[in-house]
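Reading through the structure tokens given below for one structure.
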Amino acid sequence: MDTLYLSADNKATASIAADILKKGGLVALPTETVYGLGANGLDENAVAKIFIAKGRPQDNPLILHVADPAQMEDICHDIPQAAWRLAQAFWPGPLTMVLPAKDIVPKGTTAGLSTVAVRCPDSDLTRSIIRLSGVPIAAPSANLSGTPSTTTAAHVLHDHNGKIDAIVDGGACRVGVESTIVDLTEQPPRLLRPGGITPEQLVEILGELTVDKAVTAQIDKDEVVKAPGMKYRHYAPKAPVVIVSGSREAAAGYINRHYEKGQRVLCFQEELELYRGCDPLSYGSEADPASLSAGLFDALRQLDSSAVTKVYARCPVGGGIAYAVQNRLKKAAAFQIIDAEVEA
Ligand code: AMP
Ligand code: MG
């Protein structure tokens with residue numbers, strides 16, 4: 001099939017995209033986090049197409065995207081006050097809430113769970129497409145399963161040109177990492193994935209927050225987890241990634257000593273000159289962690305396109321959005337971390 005390219009400037013884009021979704025087609029949609037691969041989230045057959053296009057394991061549930069907080073009631077029951085408070089504070093925005101699912105939500109969307117993940121994205125265009133389609137839109141990140149997420153229309157076309165019905169080009173994604181996910185079916189609520197809404201912001205509204213083990217450590221293949229998707233290898237370029245932690249000087253010393261031809265260094269803008277002989281690539285400025293989240297997946301994709309044998313990566317420290325960047329990089333590195341302060 002030909003993939004229809006729909007520009008954000010075209011006045012007909014929203015209604016064309018909504019029509020395709022209503023008919024059960026796949027449309028890649030821009031959001032502030034990453035591009036999503038959208039389908040009617042209440043249509044089992046449409047949702048099945050997402051899993052096929054991405055090569056996504058069947059037990060990895062999808063997030064349903066709504067046009068406004070009120071639409072939560074179409075798909076969730078027993079919505080706690082905390083959910084309304086979070087929606088009021090952070091929607092539209094990069095926050096996903098896990099809530100009890102109504103029977104109207106197909107098992108294909110929830111991967112058989114009794115809960116469903118819901119988010120209201122901060123793109124006026126995407127919200128009007130959802131509103132016009134009349135249904136919640138299931139939309140996982142539009143990348144092929146396991147590979148770095150899609151933060152530009154070019155990334156989506158690279159992975160899916162000719163295999164999906166349409167793409168809406170809304171430019172590069174502002175946040176650049178997937179939404180924060182918080183499970184509100186537990187008390188205290190549980191952080192399942194860090195993202196653009198920080199743990200600090202959640203605690204301000206919720207008071208308490210548990211951080212799931214999957215956020216900070218590798219989950220064993222056979223382990224039972226809250227969301228099965230969390231145990232899969234994620235975000236990774238083909239070459240192995242190793243995080244080198246420690247001071248700027250210690251890390252540069254370690255990497256320069258161990259670097260071999262064919263390897264790359266993924267570092268901060270501020271560090272480029274320390275790695276002159278090591279084929280460095282910057283993904284943003286350490287002084288501006290939001291630039292790191294916005295640039296991470298594009299950089300990981302660039303590292304994928306050449307014959308790279310190994311990637312030494314520099315990871316920001318601290319909370320806020322840097323916490324989400326740490327999580328994605330650690331997953332890309334399968335939690336392989338070398339401390340340059342102690343290793344020679
Ligand atoms: P993505 O592929 O980036 O859209 O991420 C979707 C992720 O949301 C999944 O991999 C799960 O980790 C999480 N998720 C979706 N639905 C649920 C749910 N009902 N309970 C817990 N986590 C969920
Ligand atoms: Mg994903």
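Numbering of residues begins at 1 and proceeds along the displayed sequence. The basis for the numbers below is simple: all heavy atoms, side chains too, and nothing from hydrogens, waters or symmetry mates. Every value quoted in this text rests on a predicted model; they were computed, and no experiment measured them. Counting starts at 1 for both ligands and their atoms, following the listed order.
Residue contacts with ligand 1, taken as heavy atom pairs separated by less than 4.0 Å, involve Val98 solely via side-chain atoms from C-beta onward.
The pair Asp122-Arg174 counts as a salt bridge, with a side-chain nitrogen and a carboxylate oxygen less than 4.0 angstrom apart. In this structure, Lys310 does not pair ionically with Glu260, as no charged nitrogen and carboxylate oxygen lie closer than 4.0 Å. Under 4.0 Å is where a charged nitrogen must lie from a carboxylate oxygen, and between Glu286 and Arg248 at least one such pair does.
Here the options are Ile167, Thr3, Leu26, Leu37, the test is side-chain contact (heavy atoms from CB on, under 4.5 Å), and the partner is His160; only Leu37 passes.
Numbered from 1 in the order shown, with element, the atoms of ligand 1 that lie under 4.0 Å from a heavy atom of Ile181 read 7 (C), 8 (O), 13 (C). Within ligand 1, the atoms closer than 4.0 Å to a non-hydrogen atom of Pro140 are 2 (O), 4 (O), numbered from 1 in the order shown. Within the listing of ligand 1, atoms 3 (O) sit less than 4.0 angstrom from a heavy atom of Glu178. Taking every non-hydrogen atom of Arg56 and a distance limit under 4.0 Å, the qualifying atoms of ligand 1 come out as 2 (O), 6 (C), 9 (C), 10 (O). Residue-ligand proximity, Thr115 to ligand 1, at heavy-atom distances under 4.0 Å covers atoms 18 (C), 19 (N), 20 (N). Near Pro61, meaning under 4.0 Å from any of its heavy atoms, are these atoms of ligand 1: 6 (C), 9 (C), 14 (N), 15 (C), 16 (N), 17 (C), 23 (C). Close contacts between ligand 1 and Leu192 involve ligand atoms 21 (C), 22 (N) [criterion: under 4.0 Å to a heavy atom]. The Leu62 neighbourhood of ligand 1 comprises atoms 15 (C), 16 (N), with distances under 4.0 Å to a heavy atom of that residue.
By the 3.5 Å distance cut-off applied to N or O atoms, Arg193 is counted among the residues near ligand 1.
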Original post:
When you look at Asn143 and His155, which way does the side-chain hydrogen bond (donor to acceptor under 3.5 Å, both in side chains) test go after all the steps?
Top reply: CA-CA 8 Å; Asn143 53 288; His155 294 164; over 6 Å; no
Subject >> salt bridge (Lys or Arg N to Asp or Glu O under 4.0 Å) between Arg301 and Asp298, worked out >> reply: CA-CA 5 Å; Arg301 281 180 171 257; Asp298 185 67; over 6 Å; no
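Inter-residue side-chain proximity for Val308 and Pro237 is flagged as unmet; no heavy-atom pair is nearer than 4.5 Å. When side chains are defined from C-beta on, Pro289 does not count as touching Pro316, because their heavy atoms never get closer than 4.5 Å.
Heavy-atom separations between Leu113 and ligand 1 include at least one value shorter than 4.0 Å. Contact analysis leaves Thr110 out of contact with ligand 1, as no non-hydrogen atom separation drops below 4.0 angstrom. Within the 4.0 Å heavy-atom shell around ligand 1 one does not find Thr96.
Using bins of under 30°, 30° to 60° and over 60° for the plane-to-plane angle, the ring pair Tyr283/Phe268 lands in the tilted bin.
For a distance bound of 2.8 Å, the N, O or S atoms of Ser149 include none lying that close to the Mg ion (ligand 2).
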